[in-house]
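Numbered from 1 within each chain, the chains take letters A, B, ... in sequence-line order. Everything numeric here is computed off the predicted structure, so don't read it as measured data.
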Amino acid sequence: MKIYSLLVIFFVSLLICIPAQPTKSCGPDLSFSGYSFLMPNIVDLDSEWAPYYFQFQNVYNYYDSAQLLQTKSNLEEWQEIFCQQVEIKDLEQIIYRSEVPALKRLRTAVQNEKYPLDPRWRRNSFALHLKANRCLETVNYLIFAKECEPYVVSPDDRWAAPGRDANKMQTLIEKGEKAFRKTRSNYIRLRYAYQLIRLAHYRKDYEQTLALHDRLLPRTDSIESIINDWILGHKAGAMMRLGQNVEASYLFSLIFARRPEKRHSAFKSFYVKTDEEWTACLLMCQDDHERANLYALRAGTSTAKVVEEMIKIYELDSQNAILELLLAREIKKLERDLLGLEFNDRKRENKMFHNLPRKGAPRELIALQEFVIRLVEEGRVRQPQLWQIARGYLEFLAGDDYAARQTFALIKPQIINETLKTQLATFELALWIDNLEDIDNETEEEISDIITDHPMYARFKDFPDFLNDRLAHAYREQGDVGKAFRCQYNLKHLLPNPDLAIINNLLEICRKEDKTRFEEALVTDRDGNSLENDLLDAKGTYYLARGQMETALEVFRLLPREAWDKYKLNPFIEQLNDCLDCPLLRDTIEYNKVTMIQRIFELEYRAKADFQHGAEYYYELGKAYYNITYFGHSWYVADFFRSGANWYYDKDNVYSDYYAPLGNLENHDCSRARAYFERAAAVAETAKNYELAARATFMAAKCEHNDYYLSKEYKWAGPNQIPKFPAAYQRNFQLLRDRYAPTAFYQEAIAECKYFEAFTRY
Amino acid sequence: MSRLIGYVGIIAIYLVATIACQDVSPPKPTKIAFYHWKTIVTQDSLSQIFLDRLDVQDLYVRFFDVDWDGGVAVPISELEVKQPWHQSLNIIPTIFITNRTLEQLSRTEMSTLGERIFKKIKTIQSKFQFNISEIQMDCDWTASTGMAYFELLRGLHRRCRNENLTLSATIRLHQIKYFKSTGVPPVDRGMLMYYNMGRLADSTEVNSILQLETARAYHQNFDRYPLPLDVALPLFRWGVVLRDGKLLKLINGLSEADLEDHTRFHKVGEKQYTLRKSTYLQGHYLYAGDRIRLENVEIELLQQAVLELAPQLQQPPERIVFYHLDSTMLKPYRYEDLFTVGHLFR
């Protein structure tokens, strides 16, 4: 047998033998697998604070959303300035989707009553308003802002060099400053100031940035506008570049708290180097709310010990909404660490690939619990009931289910807010599921009711997995191994290594007359068919693979007659070189598992009874037993799953595979086949049928070699190299060479098998 | 018989001629170079002294990184030159590309990316008037990104050949030992990164930057590696911050002097500290109980590493490149010592 043919078998088997996978991908799913029952909207996570909550993890999406937010805020402010008389979409068209020439034509139209608007803008409420009210200053500003754009907006193609020509930018600054002086509108002057300060900042002239700020802003009257904070951002950026990072960080903290569209950049820009700088930054704050925001910035980093920062925020500003976000973020982290830890079926992978639960999680939980209890008792927070519910959930996460139940029961009658009501109901359901044990018929009926009727069960995607994992654990504890298995897996996951206890447990349920609804679901497939026949097939195959043919036949006979023909097979066809995908000689006879076993029984009887042809019968039996092993073309008779990679030493022939929770048992044992081949050779020798004796000896040699591949002694000889078989695995080759060299089969074997050919030469 | 003598004579003449025509000149002496891995180029006197005294002619300069951002491959952290180097320095643009970029792009998109990288390099070169004769690509490619990366290199290699430029690529130690499975990048030269070989995140690690024992385990297949190799050596230090036995962050350039304040830091072992109280340290806010492991490369360790590496190489490297040119990192070293390190390869 050539090594490459084994490799071919391996690769081809990979393609053809692996059935539908339990996961959608073509490999194991290594992502974290756990549960979460915290509602996203409980703390306004869909609000502008969401990126902060998620620690800006999905920054790429955030950039887009920040840009959109900035555009939205800007347009809304323009709309506000024009007393809601213009539509947002019209503002957007002119401010963001026009070019300088079009704006210049707009200016002409505004200046000259008879000059019409651009046809595109004849129905544009903003253009009409500008023309009707002769808003020349606004149009001039828009033209100027558009001229600044190439210098302050990143090019779409980020590979292109940014066109920031410092001289041209300076010319624009000078031009803008003149326009600033000429402009009467306070609001437009503020916008000019913003454009000029931004230009200077992007020109990297930080002194000029600050000088422009100090020169222009006193010349605009105080006005409420987002532009003030945008200007502040450029001022802070320049100060940071000039080494004034304490002042700059303080300004960034203000922007962080006030401007959602600038929150991420402010968070990233905030930079304090030393304890002294931190203290100085705190001293710059005008009030405790501002000081609390500094701690919120520090809590936002991925390496923060959040509870420590929450305590500081609370002490400074107990009503700060950020506390709720931080609470939710901490609960989410702790859920990943602790929720369902006892029964999560992916616990091992979570530890291995995600290092979860974190070593410090219990300590963090205790710290958070202490803090939450303090807040509940003091009652100074924005939403006391939210914190009370959180207290109960943390008790649940800590494993104190009794306390959790008490806390939930206490708060339940007081809650009016619908979101909080829903959240509490969710936590209560999670707690109920977590407490499931000693499951009897009554509990199973309750479970069925929850699955079909509980509104929270359907609403939270993690409930089915949470319930299944919990039930599997409970059933396992009470010895219902079949139910435990079915809670987490389909029957196809059992087939790579059928487990008799599981099969029998499930068959028992199939035959039960008064099944609960839940049991009915466990022994029914997705199409509503009973699993009984498949279980019987698995059970019969289990015995067949172990050579217990009488028992196998007994089990297969329990199947309805029409189910026998599910498999068409013929393991009696000879194949000298193992090959799974080679076309076999067609035989007119096709068997099913029942008739195959009957044929085996018949051959065994005849082999003993008919001495003259005994060798042939033994040879037939050898072929059948060989071909239903892992190495034979009819491997699927005694196995449901075969991996081409699994032919190396393993203590019990069970190979771990991600699709097989109980491992994949490979039917490697060639001992029965070998015994029949050797018997066939011995009887043929006595009957002087040397051709058959040679043939049977060759087949016995194949069994010997397979034993070697699977032994601890096996050593890979390298690509395209014939392995060096120890003498103990060469007995039949030696016999073939020494005893049957004159036979025609001997030549056939040399031609067919490179191993044997090499063996005869050396 | 006379015919045999004739054949032997011809063979002898051929052998003599062959041997005589071989280049018997000694290998070129190994040159010392540096990596410049900062975004902004400014000059400081210490760096300048090292450049001058070590007669550095080549500087590997990080021009930009290529990363995946917003659904596209983009250049980030582009080089900014505030104070230029001396014009005579030969600049080798070095581009780091992230694995996540390679994971996202198809094979066909690699040629476009290669073209963009090449053009960007040329733009920066002409903007700052650099002399360049080589381009270096840096990527810690994996089994899943190797194919894409090599495709990118193939395109760049063609482009470099057209302009008489050498293309080199960084090579990690394991990529030499297992070169048959990891593959050999299709470039002219390799730059062996002889550092970052330990288990950084392991709380029991002593020095993940340079570990002789770990390095020895990878001293295999150098004789069969098909690319000529230069060698990059570490001249940096950092503090590894751990919490609950888990890596939290790295603080570059951290030294014992930064942890002398006993009210904040408690020395618990050789180069091991715990924080007595929460504090800012070089812009990082750390919490009481966090641990810091200082890692650096003493000159003796570096010399020993070179002594062990040198015999593995098929030929002395053309360059050894110290990572990296930064006055804070250079402070603990004397240029004479670095000169000696360079000589150990010769």
Here the pair of heavy atoms bringing B:V66 nearest to A:W159 is CG2-CH2, 3.9 Å
Should we say atom NZ of A:K72 is surrounded by more than 12 heavy atoms from elsewhere, each under 6.0 Å from it? no
One should read off an interatomic distance between A:T301 OG1 and B:K249 NZ, to the nearest 0.5 angstrom, of 6.0 Å
Review point. In this structure, are over 12 heavy atoms from other groups packed under 6.0 Å from B:K119 atom NZ?
Key: no
_Are more than 12 heavy atoms, taken from residues, nucleotides or ligands other than A:R164, located less than 6.0 Å from that residue's CZ atom?_
yes
| query | Within a reach of under 6.0 Å around NZ of B:K122, are more than 12 heavy atoms found that belong to other residues, nucleotides or ligands? | reply | yes
Are more than 12 heavy atoms from other residues, nucleotides or ligands located less than 6.0 Å from atom NZ of B:K331? no
Exercise for review: Please indicate whether B:R264 has more than 12 foreign heavy atoms, meaning atoms of other residues, nucleotides or ligands, lying under 6.0 Å from its CZ.
Suggested key: yes
- Task: Output yes when B:E80 and A:K204 qualify as a salt bridge under the 4.0 Å nitrogen-oxygen rule, no when they do not.
- Result: yes
Inspect the surroundings of CE in A:M352 and state if more than 12 heavy atoms from other residues, nucleotides or ligands are less than 6.0 Å away. yes
dist B:R243:CZ -> A:K305:NZ (nearest 0.5 Å) comes out at 5.0 Å
To the nearest 0.5 Å, atom CZ of A:R158 lies from atom CD of B:E78 at 11.5 Å
Determine yes or no for a side-chain-to-main-chain donor-acceptor pair under 3.5 angstrom, with A:D275 supplying the side chain and B:Y280 the backbone. yes
Check: Any side-chain heavy atom of A:K273 sitting closer than 4.5 Å to one from B:Q282?
Finding: no
Applying a strict 4.5 Å limit to non-hydrogen atoms, the region of B:K127 in contact with chain A is neither
When the 4.5 angstrom heavy-atom criterion is applied to B:L281 and chain A, the contacting part is backbone
So OG1 of A:T303 and CG of B:L286: to nearest 0.5 Å the spacing works out to 7.5 Å
Cut-off 4.5 Å, heavy atoms of chain A, and the answer for B:A288 is backbone
Go through the steps for A:R358 and B:D244 under the test side chain to side chain contact (heavy atoms under 4.5 Å, CB included), then give the verdict. CA-CA 8 Å; A:R358 293 165 302 140; B:D244 297 322; over 6 Å; no
Under 4.5 Å to a heavy atom of chain B? For A:E309 that would be side chain
Bottom line for A:E277: the part with an atom under 4.5 Å from chain B's heavy atoms is neither
